[in-house]
S.K.: 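Before we start, here is the structure in question, set down as C-alpha cells.
Everything numeric in this text was worked out from a predicted model, so none of it was measured.
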Amino acid sequence: MRAAGRPAEEAWALAATSGQSRRTSRAPCCTASRSLRSRRPGPDRAQPARKYERKENMLRLEHAWTWLAVTVGALLRVTPSASRDLSGSRPNILLLMADDFGIGDIGCYGNDTIRTPNIDRLARDGVMLTQHLAAASVCTPSRAAFLTGRYPLRSGMVSSNGYRVLQWTGVSGGLPTNETTFAKILKDRGYATGLIGKWHLGLNCESSNDHCHHPLNHGFDHFYGMPFSMMGDCIRWELSEKRAGMERKLNVCFQIMALAALTLTAGKLTHLTSGSWTPVIWSTMAAMLLFTTSYFLGALIVHADCFLMRNHTITEQPMHFPRTTSLILKEVSSFIQRNKQTPFLLFVSFLHVHTPLITTEKFRGKSVHGLYGDNTEEMDWMLGKILDTLDTEGLTNSTLVYFTSDHGGSLESRLQNNQYGGSNGIYKGGKGMGGWEGGIRVPGIFRWPGVLPVGRVIHEPTSLMDVFPTVVQLGGGEVPQDRVIDGRDMLPLLLGTAQHSDHEFLLHYCENFLHAARWHQRDGGRLWKVHYTTPVFHPYGAGACYGRGVCPCFGDQVAHHDPPLLFDLSRDPSEAHALTPDTEPAFYRVMDTISRAVEEHRRTLRPVPMQLDALGNIWKPWLQPCCGPFPLCWCDRENGQA
C-alpha cells in the first residue's frame, strides 16, 4: 500500500508526479473468468470420447465468450461482474461515515501512532481512494450532497449569513422534500433501507411532529440515532458550539436591563423622575427573564438537541452517553439480522469523532493521542464489530462496504495545549475551510469481495457525491434525469475498466460562496487548483482560525485573490507553493480553462430557498420534539421509563 521507506502521502505525491493513476493486484477479468469456469461441471470420464470432446469444445467456446465479454466490457467500462443481472444478485450496501475525521489519523493513509486495524483491513481487502473529496467542509451541506449526489447549493442546504450548519433540532430548515436521495431510489427498488447514527438534516417544518425532513421522509425505512449532532454542549463542555456564546450575549443583555431597572428605581425613589412604575416593573421582569434563561440555557440545549429517536419516537431525552455506543451497535446488528434475506442499504453515520469525544471506559486513556485518539480507536473497534456481524450472518461476500468521513478534522478544537480535533496529514487547513485540502480531503475505501480488486489504490479525483450514482446503479435503480446530478458512477474506476475519473472539474464552496475550483488535466497528468478566496488565519502565521469555531466564508476575515492563487496538486499536494506567471508557463491558460468551466457550472444553477439562512435556522418552540409536555422533555424508553 505504501512506497517502501516513504509515508503514504509522499508515495501518492510521487505517484501523481510520475503519472501513475492506479495500482491493481489482480485484474477483475481474471476473477470473472474463474467464476465462470467454476460453474462448469467437470468432464464425465465414463462417457464416450466424442462426448468428452464435445464438452471440451463447449469449454473452449465458453472461454472464448468469456474473453469476448471482458473485451467488450472494458470498451464499455463494465465487467461481467458489474454487468450481471442486478435484479437477481444485487449487493447489500453498507455505508460507514465518520464525523469530523481527519484523513491523517488512519493507518492506511500514513498514520502510525493511532491504531485503526479494522479500517486498515478494509483498505487491504478492497480499493482505497487517495483523492476523495467532500462537497463541503462542514456537516450539514456535506451530508446533503452525499445523499443527493448534488452540490448543496442546488438543494439550498447552504447559507449566506454565517450559519454554516443547522443550529437546532427545532428549526424549520432541512433537506427539501423534493430532493431525491439514493435511499429513496433503492427503497423503490425493493431494498430495506436504514440509517443509524447522526442525521443533522432537519426534522420538522410546521409542527413538532410533521417530520417533513425526517429520514423516514427521505427514503429510509428505519431510523435510530440523533436527529441533530453530537456537540460539546451535550455535556456542557468547555468547547461549546453555541451555549457559551449565547450565555455571553444573554449576560450582557441582563446587565443592561438590570442597570436600567436600578436606574429607573433610583430615579423614582429620589423623585428625580416622574410617571408610573410600569417601566421599572417591565425592566425588572426582563432582567429576571434574561438571568433565568442564561442560567438554564445549558439544560435547555441538552434536552432540545441531545436525544435519540427510533423512527418517529423519542426513546431517550436527554441521552445517557455511557451506553450510546452499545445501543448503536445493537441497532446495527438487529437491522442486519432482520434484513439478511433481502437486499439492504444501511447507512451507519457514526457519532465519533465529533467533540466532545464521548468514549467508553474500555478505551479511555488507551491511545497516545489523548481523548481524540481514544475516541478514534473506539470507532475503529465499532467498525470491526459491524464487519464481524456481516461475517457471522454470512453476508461479507454479498455486501459492498464503504467508509469515509463527512469532511476533514477540526483544527480549532483545542484547549490550551490539548488538541481535540483530528489531523489532516500533509494537507493544509481543516474543517470549515471551503477550499483548502485539509477541510475536504477525506478517506474513501470500498470493499466487495470477489468483485472489486484487492489492494487497489486510486489516485484520481472522486467525490462523496459519486456514491449516489454508484449505489443507485448497483441497486438496479436509475439516476434521475429531471435534475442536475453532480456525482459520477465510480464503479468502472473501482473495477479498473476506466483509467480516469469522470470528474474533469470540481468546485469548492464555502456557504454559497465559491472559494476554489480544480481541473484534472488528464492529457498532461496535472491536477490544477485555484483559490479565489481563503480565510485569514489567526493568529498570523497559524494554520487555522484559532479563537473561533471555524473559519468564516466572507467578510473582513477572508482574503480575495486577484489573480487567484494557483497550485499544482500533482506536485504540491500540501498547497505550499503558489504558482505565478513567472514560475508556470501555463498559468494564464489554466486560469482561462477553469474560469470557463466555472461559468458553465453557474449557468446550471437555479435559485432555491436557503435552508440554513436565518428564518429557517432559528429555534422555534412549536417545532421542538419533546417526549413529554413541553418544556418537560424527559424520557428513557430504552429502560422502559417515560
S.K.: Between N617 and V165, what is the shortest heavy-atom contact and its length?
M.R.: ND2-O, 3.0 Å
S.K.: Cut-off 3.5 Å, side chains only: do H561 and T534 have a donor facing an acceptor?
M.R.: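 There is such a pair (donor and acceptor under 3.5 Å, judged by atom type) between the side chains of H561 and T534.
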S.K.: Does a side-chain N-to-carboxylate-O contact under 4.0 Å join D572 and K529?
M.R.: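 Salt bridge absent between D572 and K529.
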S.K.: So which heavy atom on R243 is nearest to which on S240, and how close?
M.R.: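 Nearest pair, atom of R243 first, then S240: N-OG, 3.0 Å.
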S.K.: Take a 6.0 Å sphere around OH of Y163 and say whether it holds more than 12 heavy atoms from other residues, nucleotides or ligands.
M.R.: no
S.K.: Look only at the side chain of N161 and the backbone of D613, and say whether a donor-acceptor pair between them is shorter than 3.5 Å.
M.R.: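 No; judged by distance alone, with no hydrogens or angles, the pair does not exist.
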S.K.: Any chance you could lay out the ring pair (Phe, Tyr, Trp, His ring centres under 6.0 Å) test for F228 and H200, step after step, and finish with the verdict?
M.R.: CA-CA 4 Å; F228 195 59; H200 207 186; 4.8 Å; yes
S.K.: Quick check: does any side chain N or O of H303 sit under 3.5 Å from a backbone N or O of G298, one acting as donor and the other as acceptor?
M.R.: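 No; zero donor-acceptor contacts below 3.5 Å.
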S.K.: Assign the ring pair W199 / F220 to parallel, tilted or perpendicular, where the plane angle (0 to 90°) is split at 30° and 60°.
M.R.: perpendicular
S.K.: Surrounding CG of L615 (heavy atoms of other residues, nucleotides or ligands, distance under 6.0 Å), is the total greater than 12?
M.R.: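 Not more than 12 within 6.0 Å, no.
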S.K.: Can you say whether the rings of F223 and H214 are parallel (under 30°), tilted (30 to 60°) or perpendicular (over 60°)?
M.R.: perpendicular
S.K.: Please check if any side-chain donor atom of T148 sits under 3.5 Å from a side-chain acceptor atom of R483, or the reverse.
M.R.: no
S.K.: Is a side-chain donor-acceptor pair under 3.5 Å present for E575 with H531?
M.R.: yes
S.K.: What heavy-atom pair brings S283 and A260 nearest, and what distance separates the two atoms?
M.R.: OG-C, 4.5 Å
S.K.: Does atom CD (Q557) have a neighbourhood of more than 12 heavy atoms from anything else shown, all under 6.0 Å?
M.R.: yes
S.K.: Decide salt bridge (Lys or Arg N to Asp or Glu O under 4.0 Å) for R364 and E378; before the verdict, give the C-alpha distance in whole Å, the side-chain angles of both, and the deciding distance to 0.1 Å.
M.R.: CA-CA 9 Å; R364 291 181 71 91; E378 180 175 60; over 6 Å; no
S.K.: Any side-chain donor paired with an acceptor under 3.5 Å for K431 and S137?
M.R.: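 Short answer, no.
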S.K.: Does the ring centre of W436 sit less than 6.0 Å away from the ring centre of Y427?
M.R.: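 Here the rings of W436 and Y427 have centres that are no less than 6.0 Å from each other.
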S.K.: Scan side-chain atoms only and decide if Q624 and W619 contain a donor-acceptor pair under the 3.5 Å cut-off.
M.R.: yes
S.K.: From M433 CE over to N424 CG, what is the distance, rounded to the nearest 0.5 angstrom?
M.R.: 8.5 Å
S.K.: Is it true that R518 and E437 make a salt bridge, defined as a side-chain N closer than 4.0 Å to a carboxylate O?
M.R.: yes
S.K.: Between E331 and R310, does at least one N-O distance fall below 4.0 Å, as a salt bridge requires?
M.R.: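 The answer is yes: the pair qualifies as a salt bridge.
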S.K.: Checking T169 against D305: is there a side-chain donor and acceptor pair closer than 3.5 Å?
M.R.: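 Distance-only check passes for D305 and T169.
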S.K.: Is it the case that atom OH in Y295 sees more than 12 heavy atoms from other parts of the structure closer than 6.0 Å?
M.R.: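 Open: at most 12 neighbouring heavy atoms sit under 6.0 Å from OH of Y295.
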S.K.: Would the number of heavy atoms belonging to other residues, nucleotides or ligands and lying under 6.0 Å from CZ of R248 be above 12?
M.R.: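 Atom CZ in R248 is not packed in, count stays at 12 or less.
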S.K.: Is the centre of the F403 ring less than 6.0 Å from the centre of the F350 ring?
M.R.: no
S.K.: Taking all non-hydrogen atoms of both residues, which atom of W634 and which atom of P318 are closest, and how far apart?
M.R.: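 Looks like CD1-CD, 3.8 Å.
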S.K.: Classify the ring geometry between H312 and H211 as parallel (under 30°), tilted (30 to 60°) or perpendicular (over 60°).
M.R.: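 Parallel.
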S.K.: Quick one about R154 and T604 (side-chain donor to acceptor, distance below 3.5 Å, no hydrogens or angles considered), yes or no?
M.R.: yes
S.K.: Go through the steps to decide whether H515 and Y532 satisfy the test ring pair (Phe, Tyr, Trp, His ring centres under 6.0 Å), and finish with yes or no.
M.R.: CA-CA 5 Å; H515 273 208; Y532 304 104; 9.4 Å; no
S.K.: Where does the angle between the aromatic ring planes of W381 and F363 fall among parallel (under 30°), tilted (30 to 60°) and perpendicular (over 60°)?
M.R.: tilted
S.K.: Under 3.5 Å, is there a donor-acceptor pair between the N217 and T177 side chains?
M.R.: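 Per modelled atom types, N217 and T177 side chains form no pair under 3.5 Å.
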S.K.: Nearest 0.5 angstrom please: L239 CG to R414 CZ, how far?
M.R.: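 The CG atom of L239 sits 11.0 Å away from the CZ atom of R414.
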S.K.: Nearest heavy-atom pair of Q611 and L166: which atoms, and what distance?
M.R.: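 Shortest heavy-atom contact: O-CD2, 4.5 Å.
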S.K.: Between H352 and T376, do the side chains contain a donor N or O and an acceptor N or O under 3.5 Å apart?
M.R.: no
S.K.: Which distance, rounded to the nearest 0.5 Å, do you find between the CG of L612 and the OG of S160?
M.R.: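 The OG atom of S160 is 9.5 Å from CG of L612, to the nearest 0.5 Å.
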S.K.: Is it true that the NZ or CZ of R150 lies under 6.0 Å from the centre of F468's six-membered ring and within 45 degrees of the ring axis?
M.R.: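 Cation-pi check for R150 and F468: fails.
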S.K.: Does atom CZ (F291) have a neighbourhood of more than 12 heavy atoms from anything else shown, all under 6.0 Å?
M.R.: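 Not more than 12 within 6.0 Å, no.
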S.K.: Which heavy-atom pair separates G434 from I440 by the least distance, and what is that distance?
M.R.: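 Residues G434 and I440, closest heavy atoms: O-CG2, 4.2 Å.
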S.K.: Roughly how far apart are I301 CD1 and E241 CD, rounded to 0.5 Å?
M.R.: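 So the gap between those two atoms works out to 9.0 Å.
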S.K.: Cys pair C633/C627: SG distance under 2.5 Å?
M.R.: no
S.K.: For the CH2 atom on W277, are there more than 12 heavy atoms of other groups (residues, nucleotides or ligands in this structure) within a distance under 6.0 Å?
M.R.: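 Counting other residues, nucleotides and ligands, CH2 of W277 exceeds 12 neighbours.
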S.K.: Please tell me whether D105 and Y372 have a donor and an acceptor in their side chains that are separated by less than 3.5 angstrom.
M.R.: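 Yes, Y372 and D105 have a side-chain donor paired with an acceptor closer than 3.5 Å.
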S.K.: Is a donor from one side chain sitting under 3.5 angstrom from an acceptor on the other, for S367 and D374?
M.R.: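 Short answer, yes.
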S.K.: Return the CG to NE2 distance between L514 and H601, rounded to the nearest 0.5 Å.
M.R.: 7.0 Å
S.K.: Would you check, one step at a time, whether the test side-chain hydrogen bond (donor to acceptor under 3.5 Å, both in side chains) holds for E638 with T315?
M.R.: CA-CA 6 Å; E638 297 294 347; T315 62; 3.1 Å; yes
S.K.: Just by modelled atom types, is the G422 backbone N or O under 3.5 Å from a matching donor or acceptor in the D100 side chain?
M.R.: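 Not at all, since once roles are kept as given, no pair shorter than 3.5 Å links the two residues.
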S.K.: Can you tell me if N209 and S207 form a side-chain donor-acceptor pair at under 3.5 Å?
M.R.: yes
S.K.: For L623, is there any backbone N or O sitting under 3.5 Å from a side-chain donor or acceptor partner on N204?
M.R.: yes
S.K.: When you compare the side chains of N375 and T359, does any donor N or O come within less than 3.5 Å of an acceptor on the partner?
M.R.: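 A donor-acceptor contact under 3.5 Å links the two side chains.
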S.K.: Would you check, one step at a time, whether the test side-chain hydrogen bond (donor to acceptor under 3.5 Å, both in side chains) holds for S405 with D99?
M.R.: CA-CA 6 Å; S405 175; D99 196 2; over 6 Å; no
